[in-house]
Every structure is written in C-alpha cells, then in structure tokens.
Visitor: 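Questions regarding the structure given below will be posed in turn.
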Amino acid sequence: MPELPEVEVVRRGLRRWVSGRTVAFVEVLHPRAVRRHPAGAADFAARLTGHRIGEARRRGKYLWLPVEGADLAVLAHLGMSGQLLVQPQDMPDEKHLRIRIGFTDSPGPAALGEAAGTELRFVDQRTFGGLSLHGTVPGAEDGLPDVIAHIARDPLDPAFDDAAFHDALRRRRTTVKRALLDQSLISGVGNIYADEALWRTRLHYERPTATLTRPRTAELLAHIREVMTDALAAGGTSFDSLYVNVNGESGYFSRSLDAYGREDEPCRRCGTPIRRRPWMNRSSYFCPRCQRPPRPR
DNA sequence: ATGCTAACCTGATGGC
DNA sequence: TGCCATCAGGTTAGCA
C-alpha cells in the first residue's frame, strides 16, 4: 500500500494486533523479501525470535516495529504490492506469502482477545517490498532505524519544517512533481497523492520548483495534508485487492480521487476532460485548464 | 553535487 | 486461444 495514508492504515492495524506480543518463530519463504537484511534470512529469524514487539511507528511510506530488549527494529516497506496481514494460523497460505511471524500467545487462551491465534504475514506479489532488522539512531525518541535516517519527515509529522521545505524547493532545479516524489525532501507522497495535491493546488506537474512563492508552497502543503487526511479517514485508496489493511479490507478513497486514474473524465471543477501524460515511466493526470503548463524555459 | 534513467518483479489487460 | 506490448500506487544504483 504504497503511499502514506495506506501505510498509516497498516500501522494502526499493527499497533492494535501485533504490538505487545512476543515472537515465537519466524519463517522466511522467499529470500528476496529480506534482501535489505544483509545478514540473511536465518539471522533475521534468529534475532527476532523471543523478543517482544513495541509500538508500531511510521515515517513516510516506511514503518517499523521496535524490538524490545535489543536496540533493533523490524523495518518494513510495502513496495508496490506488499501487504502485512494478521491472519488466523489455520488460514491457508496466500499465493505470494513471503514471511510468516508467529507469536507465543497463539494459539492460546484469549488473553489478547481477538488477536489470540493469529500470526503476522508479509505477502508481496512483486517482491519490491520487504522486511529487515536494523539498529536505531542513537537519541531518536521513536527508535528510528538508522538506514532510513535520510528519509525526510512526512507532512503529517508535527516536526515537519514547512519553511525549510520551501527553501529546499527554491534551491532545487527540478520540477514540482519530481520534488514531491523525492523522499529525501518530503516523504510519504507517491504518484496518486502528488497528482491529487497538484490538482487541488491548480499546479502543473512540470512547474519548476524555483518559481514557487512561499504562499504557493504553503497552499501545496495544505492540500497534501488535506488529501492525505481525507484518504486516511476513508481507509486509504484501493483499486483492487492488492491494497488492503491488516485484516484484508480495502479502503474506498479511490472514489474520491479528482485527477488520478480519471483520464477523459470531466474535471470536477471546470468540466474539461482530465488528461494523462506519460511521465517518468508512469503517468501524470491533470486538468489542462486548471493546471496550465509553465512557460518553456 | 545533482538530476535522471533503467532495473528490480509478477500479473492484469487489451490489441492483433 | 495465444502472443506480445503496455501498464501498475516504489526505490535505488549508477551514469551523465
């Protein structure tokens, strides 16, 4: 579930169903799913087993589970098609099940309520995502894994620095959508929410960042936060069963999208058909009337 | 130093 | 029915 709202939906599920439980066993069924864990699958399993899982955290599209009693965290990235599912142990394996994590309380007396008897599964069709174990940044209050120290804070983080973001945009010689997708400038924004926020701000995706005024950047940030908050309230955006919460349920924000995926459909502001343009091996959706292209440089 | 492309995967879909 | 090309919500190594 690639973008911030979808990952946050998963984080909330993990907090409810996984945090506080103790790992009984780890089974890695596909080595690619732990390729970011340099010491390999056996090491990953060994170091995790026996430890209690702390409060699930997130920055941008990354989430992690602190490993209590060891300065470690399980870092997770869902890539394009990853899912973290909390499933009953007797549920048949999913076709693309990559990692299974069992807990000491299951099966067992319902000490943990509905969570008892469930396990955590990492399912990933395209294997762009994965889990890994990493040390934490010394002094970081939330146990930030060291390998994602370069990832910028996300726009829903209270510590996100709006002024610094604007200064960074002015310094860059790139275009606004590229900047929004650059996770070292602002994290959590992907192709869907970039297009949605640009549509709401009436900005063309190829607008040079150096031409943005401070008020314009402020508007853009406000719209990013607004669309992400709206999506979160709807349970995230799903076009198909690949993007689901830990219980396998899809969000329904896709019906509220104004630009993304709406090629040839009327702009909800002015009625002009939304256009799709090939862009960086993917697509950009925009309203040609509301979002005028910048002057050629 | 910075910006950009190609590559990493599997599966769904549409045209011929 | 099959084959091929295209597309999909992300990240990163490596090149210019």
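Here is how names work: the chains are called A, B, and so on, in the same order as the sequence lines, proteins then strands, and each is numbered from 1.
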Visitor: According to a strict under-4.0 Å criterion, is A:K95 in side-chain N/O contact with OP1 or OP2 of B:dT10?
Guide: no
Visitor: Is it possible for you to check whether A:R269 lies under 6.0 Å from the centre of the six-membered ring of A:W199, through NZ or CZ, and within 45° of that ring's axis?
Guide: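 Geometry flag: set, cation within 6.0 Å and 45°.
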Visitor: Taking the minimum atom-to-atom distance to the side chain of A:M280, which one of C:dG10, B:dT5, C:dA8 wins?
Guide: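 Out of C:dG10, B:dT5, C:dA8, the nucleotide with an atom closest to A:M280's side chain is B:dT5.
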Visitor: Return the pairing partner of B:dC9 with a 3.5 Å limit on both distances, Watson-Crick or G-U wobble; otherwise return none.
Guide: none
Visitor: P atom, B:dG11 versus C:dT12: distance in rounded Å?
Guide: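 The same atom, P, in both gives a distance of 24 Å.
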Visitor: May I ask you to say whether A:R200 pairs ionically with A:E196, meaning some side-chain N is under 4.0 Å from a carboxylate O?
Guide: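 No, no charged N to carboxylate O under 4.0 Å.
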Visitor: With clusters defined by side-chain heavy atoms of hydrophobic residues (ILVMFWY) lying less than 4.5 Å apart, directly or transitively, does A:V26 cluster with A:V246?
Guide: yes
Visitor: Hey, does A:M228 have a side-chain heavy atom less than 4.5 Å from the side chain of A:P155?
Guide: yes
Visitor: OP1 or OP2 of B:dG3 sitting under 4.0 Å from any side-chain N/O of A:R178?
Guide: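 No, no such contact exists.
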Visitor: Send over the distance from A:Q83 CD to B:dC9 P, rounded to a whole Å.
Guide: 20 Å
Visitor: Report the distance from atom CG of A:L180 to atom C1' of C:dG10, rounded to the nearest whole Å.
Guide: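 Between C1' of C:dG10 and CG of A:L180: 15 Å.
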Visitor: Counting side-chain heavy atoms from CB outward, which of C:dT12, B:dG3, C:dG10 is closest to A:H150?
Guide: C:dT12
Visitor: With heavy atoms under 4.0 Å as the rule, sort A:N281 into base, sugar-phosphate or nothing.
Guide: base
Visitor: Using whole Å, what does the distance between atom C1' of nucleotide C:dT11 and atom CG of A:L131 come to?
Guide: 16 Å
Visitor: To the nearest Å, how far apart are A:W279 CH2 and C:dG10 P?
Guide: 10 Å
Visitor: Taking only N and O in the side chain of A:H77, is any of them less than 4.0 Å away from OP1 or OP2 of C:dT11?
Guide: yes
Visitor: Among B:dT10, B:dC9, C:dG9, which is the nearest nucleotide to the side chain of A:Y243?
Guide: C:dG9
Visitor: Does C:dG9 have a Watson-Crick or wobble mate here (both distances under 3.5 Å), and if so which one?
Guide: none
Visitor: Looking at B:dC8 and A:F128: do their rings stack (centroid distance under 5.5 Å, interplanar angle under 30°)?
Guide: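 Stacked: ring centres under 5.5 Å, planes under 30°.
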Visitor: Taking the side chain of A:K61 as its heavy atoms from C-beta onward, which of C:dT12, C:dT11, C:dG9 lies nearest to it?
Guide: C:dT11
Visitor: Under 4.0 Å between a side-chain N/O of A:H30 and OP1 or OP2 of B:dC9, yes or no?
Guide: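 For B:dC9, neither OP1 nor OP2 has a side-chain N or O of A:H30 closer than 4.0 Å.
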Visitor: Could you please name the option among B:dC8, C:dG9, B:dG11 that lies closest to any side-chain atom of A:Y260?
Guide: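 It is C:dG9.
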Visitor: When we call it a touch if two heavy atoms are under 4.0 Å apart, what does A:R36 touch: a base, just sugar-phosphate, or nothing?
Guide: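 Sugar-phosphate, backbone atoms only, no base.
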Visitor: Under 4.0 Å between a side-chain nitrogen and a carboxylate oxygen: does that hold for A:R121 and A:E119?
Guide: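 Judged by the 4.0 Å cut-off on N to carboxylate O distance, A:R121 and A:E119 do form a salt bridge.
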Visitor: Without decimals, in angstroms, what is the distance between A:Q183 CD and B:dG3 C1'?
Guide: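 From A:Q183 CD to B:dG3 C1': 16 Å.
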Visitor: Measure the distance from CD on A:Q125 to C1' on B:dT10 and round it to the nearest whole Å.
Guide: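 Rounded to whole Å, this separation is 5 Å.
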Visitor: State, with a plain yes or no, whether a side-chain heavy atom of A:L4 is found less than 4.5 Å away from one of A:R58.
Guide: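 A side-chain contact exists here, since the closest heavy-atom pair is under 4.5 Å.
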Visitor: Within less than 4.0 Å of OP1 or OP2 of B:dG3, is there a side-chain N or O belonging to A:R172?
Guide: yes
Visitor: Roughly how many Å apart are B:dA1 and C:dT11, using the P atom of each and rounding to a whole number?
Guide: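 Roughly 23 Å separates the two P atoms.
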Visitor: Please determine which of A:R277, A:R276, A:K177 meets the side-chain hydrogen bond (donor to acceptor under 3.5 Å, both in side chains) test together with A:S284.
Guide: A:K177
Visitor: Can you tell which of C:dA8, B:dA6, B:dC9 lies closest to the side chain of A:R282?
Guide: C:dA8
Visitor: Both A:N191 and A:Y62 contact DNA chain C. Which one's nearest nucleotide lies toward the 5' end?
Guide: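 This one resolves to A:N191.
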Visitor: Between A:T174 and B:dC4, is there a contact of a side-chain N or O with OP1 or OP2 at under 4.0 Å?
Guide: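 Result: yes.
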Visitor: Could you measure between the two P atoms, the one in B:dG3 and the one in C:dG9, and give it in whole Å?
Guide: 23 Å
Visitor: Whole Å only: how far is the CZ atom of A:R126 from the C1' atom of B:dG11?
Guide: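 Those two atoms, CZ and C1', are 8 Å apart.
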Visitor: Rounded off to whole Å, could you give me the CG-to-P distance for the A:L4 and C:dT11 pair?
Guide: 11 Å
